[in-house]
Amino acid sequence: MSTFKAPKGTYDLIPPESADFLAVREALSAPLRRAGYGYTETPGFEQVELFARGVGESTDIVTKEMYTLTTKGGDELALRPEGTASVLRAALEASLHKSGNLPVKLWYSGSYYRYERPQKGRYRHFSQVGAEAIGAEDPALDAELIILAHDAYRSLGLRGFRILLNSLGDKECRPVYRAALQEFLRRLDLDEDTRRRIDINPLRVLDDKRESVQRQLTDAPMMRDHLCEGCKSYHEQVREQLTAADVQYEDDPRLVRGLDYYTRTTFEFVHDGLGSQSAVGGGGRYDGLSEMLGGPPLPSVGWALGVDRTVLALRAEGVELQLPSSTDVFAVPIGEEARRALFRVVTALRREGVAADFAYGGKGMKNAMKSANRSGARYALLAGERDLAESVAQLKDLQSGEQTAVPLDRVVSEVRAKLA
Ligand code: ATP
Ligand code: MG
C-alpha cells in the first residue's frame with residue numbers, strides 16, 4: 001500500500017466493479033442516442049460566474065458546495081458541480097440555436113464535483129449522464145425526456161424506482177404564488193437561516209428535510225392551486241403523454257428544484273433502496289436560463305442522472321448486469337517458439353473481435369493455467385513443441401475440460417464459430 005489514499009469523499013473505480021459502472025453509463029445514454037441527442041463534452045471547470053448565474057446564487061451548490069480556485073492568471077474558476085449551465089453555455093457559444101433546427105438536443109457524461117458531507121451515495125466526485133433539449137416549448141419534449149430516463153433505468157433491470165412529477169408554473173403565475181407562500185412562511189416559527197431563505201428562495205423551504213419544518217408546512221399554499229391556464233394545460237399534456245407511454249408517475253406538489261428560472265415541468269427519479277440519498281436523477285424545464293446567461297429566450301428542458309447512485313440502486317435490488325465476458329480466450333504457450341506462435345494468434349483473434357489475453361511474464365504452465373481460469377475465459381489455447389511440429393494448438397473448454405487440436409491457421413474461425 002502506498003502512503004496515499006483517495007481524497008475524502010471520493011473512491012476509485014477498479015475492476016471488476018468498474019465494468020458495471022461503464023455499463024450503467026452506456027445504458028443511461030443509449031436511449032438518448034436513439035432519440036436524436038448529440039454527444040457534447042465541455043471542460044471540467046468554468047468561470048465561477050457561470051455557475052453563480054446558471055445554478056443560482058441562493059442554492060446550496062453555489063453557496064456551499066463549489067470547489068473554486070484562482071488561477072495564476074487571476075481567473076476565478078470552479079470545478080463543474082453540474083452540467084446544464086456548461087452545456088447551455090457551449091450551445092450558445094457555438095450558436096447551435098441559430099441552425100434553425102430547434103430543439104438542439106445534446107447529451108453528456110462525466111465527472112462532477114461538490115464539496116458535500118460524504119455519505120453513502122453522496123460523494124465529492126461523482127458521475128452523471130445528462131441530456132438537454134434547448135429551444136423548444138412542447139409538452140411532448142418534456143415527456144420524451146422523462147420516458148427516455150424511465151426506459152434507461154428499465155433497460156438496466158431496475159424496478160424499484162418512482163417518478164415524482166410537479167409543475168412550478170411560469171413567469172406569469174409563479175410570482176403570485178411566491179408572494180402567497182412568503183406570506184404564509186413568515187408566520188411560522190423558523191430559524192434565522194430559513195427566514196433569510198424566505199426572501200431569496202421561498203420554494204426551497206418546502207424542500208427542507210427537517211421534521212420540525214415539515215410539520216409546519218401542512219397547510220402551505222401549493223403551486224398546483226396557483227397554476228395559470230397555460231401552465232395547467234401544459235402540465236396536463238405532459239401527464240397524458242406519460243400515461244400513453246405506460247410510464248407511471250406520482251404527482252408531488254411539494255417537489256421543487258429551487259431555482260428561480262426553473263419553470264413548469266419538474267421531476268425526480270427516486271429509488272427506495274437507497275436510504276436518505278434516494279434521488280437517482282432529476283430534471284425539469286428551465287425556460288429562463290438562456291437569458292440569465294446573456295442569450296436569447298430559449299425555453300429548454302433537461303435532466304441529469306447519477307451514475308454512482310444508479311449502480312447502488314442495482315446492488316440494492318440485487319440486479320446482476322449481463323456483461324460481455326472480458327476474455328474469451330486465454331493463450332498458454334509452453335516454450336519460446338510457442339510464445340511467438342500464440343502471440344500472433346492472440347493478435348489475430350483480437351483483430352477479429354474476439355476478446356483474448358496471453359500468459360505474459362514467462363510463467364510456468366501451472367501458473368499460466370491459473371491466470372487463464374482467473375480471467376474468466378471460456379477457452380484456453382495451449383501449445384508446446386509437439387503441437388507446433390504439427391502446426392496445431394490445443395483449444396481447451398475451461399468449463400467442460402474438453403480439449404481439441406485445431407490447426408494454427410484455423411484457430412480464429414474455429415473460436416468464432418464456437419462463440420457464435
Ligand atoms: P440531492 O438532493 O441528493 O443532493 P441534487 O438535487 O443535489 O440531489 P442534482 O443536482 O439534481 O442532485 O443531480 C442529479 C443527480 O446526480 C442526483 O439525482 C444524484 O443521483 C446525483 N448526485 C447529485 N449529487 C451527488 C453526489 N454528491 N454524489 C453522488 N451523486 C450525486
Ligand atoms: Mg445536492
Side-chain angles (χ1 to χ4, degrees), residues 6-13 21 24-25 27-29 51 54-56 58-67 78-88 107-132 145-146 148-150 152-153 156 158 160-166 168 201 203-210 214 252 254-259 261-262 265-286 289 301-316:
K8 186 175 174 193
T10 72
Y11 64 100
D12 301 309
L13 281 174
F21 214 87
V24 165
R25 271 204 192 122
L28 294 181
S29 59
F51 299 121
V55 179
S58 68
T59 59
D60 284 353
I61 292 183
V62 169
T63 55
K64 302 183 202 149
E65 299 172 1
M66 266 203 302
Y67 282 90
L79 300 186
R80 58 183 183 188
E82 59 101 54
T84 304
S86 308
V87 168
L88 187 55
W107 76 273
Y108 58 89
S109 170
S111 293
Y112 296 86
Y113 306 86
R114 294 182 195 176
Y115 189 74
E116 305 215 56
R117 196 164 65 80
Q119 298 161 64
K120 189 175 185 201
R122 188 176 296 288
Y123 310 107
R124 291 179 173 180
H125 164 253
F126 59 99
S127 294
Q128 290 183 338
V129 170
E132 316 292 344
L145 277 160
I146 297 173
L148 292 173
H150 167 273
Y153 287 130
L156 282 165
L158 270 187
F161 64 88
R162 293 179 291 130
I163 301 172
L164 310 179
L165 183 69
N166 194 20
L168 291 181
N201 201 339
L203 270 74
R204 201 68 205 199
V205 179
L206 296 178
D207 205 21
D208 201 307
K209 304 282 188 291
R210 289 170 300 180
Q214 280 303 326
D252 181 354
R254 280 171 192 257
L255 180 71
V256 295
R257 294 185 58 80
L259 314 189
Y261 38 79
Y262 265 75
T265 316
T266 44
F267 51 88
E268 204 158 85
F269 285 75
V270 293
H271 193 280
D272 296 322
L274 294 183
S276 48
Q277 269 60 253
S278 63
V280 289
R285 183 157 272 287
Y286 49 93
L289 185 54
V301 54
W303 53 238
L305 311 182
V307 179
D308 311 74
R309 287 187 199 170
T310 303
V311 172
L312 292 175
L314 288 168
R315 304 235 165 93

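Counting convention: from 1, in listed order, for ligands and their atoms alike. A quick note: this is a predicted structure, and the numbers were derived from the prediction, not measured.
- Taken to the nearest 0.5 Å, the CZ atom of Arg309 stands 15.0 Å off from the CZ atom of Phe269.
- Put simply, the side chain of Leu314 reaches to within 4.5 Å of the side chain of Leu158, judged on heavy atoms.
- Judged purely by atom type and a 3.5 angstrom limit, Gln214 uses its side chain to pair as donor or acceptor with the backbone of Asp208.
- The shortest distance between side-chain heavy atoms of Glu65 and Pro81 does not fall below 4.5 Å.
- Within 6.0 Å of the OH atom in Tyr67, the count of heavy atoms belonging to other residues, nucleotides or ligands exceeds 12.
- In this structure, the side chain of Asn166 engages the main chain of Leu255 through a donor-acceptor pair within 3.5 Å.
- Under 4.0 Å from any atom of ligand 1, one finds heavy atoms of residues Arg114, Glu116, Gly121, Arg122, Tyr123, Phe126, Gln128, Arg257, Ala279, Val280, Gly281, Ala304, Gly306, Arg309.
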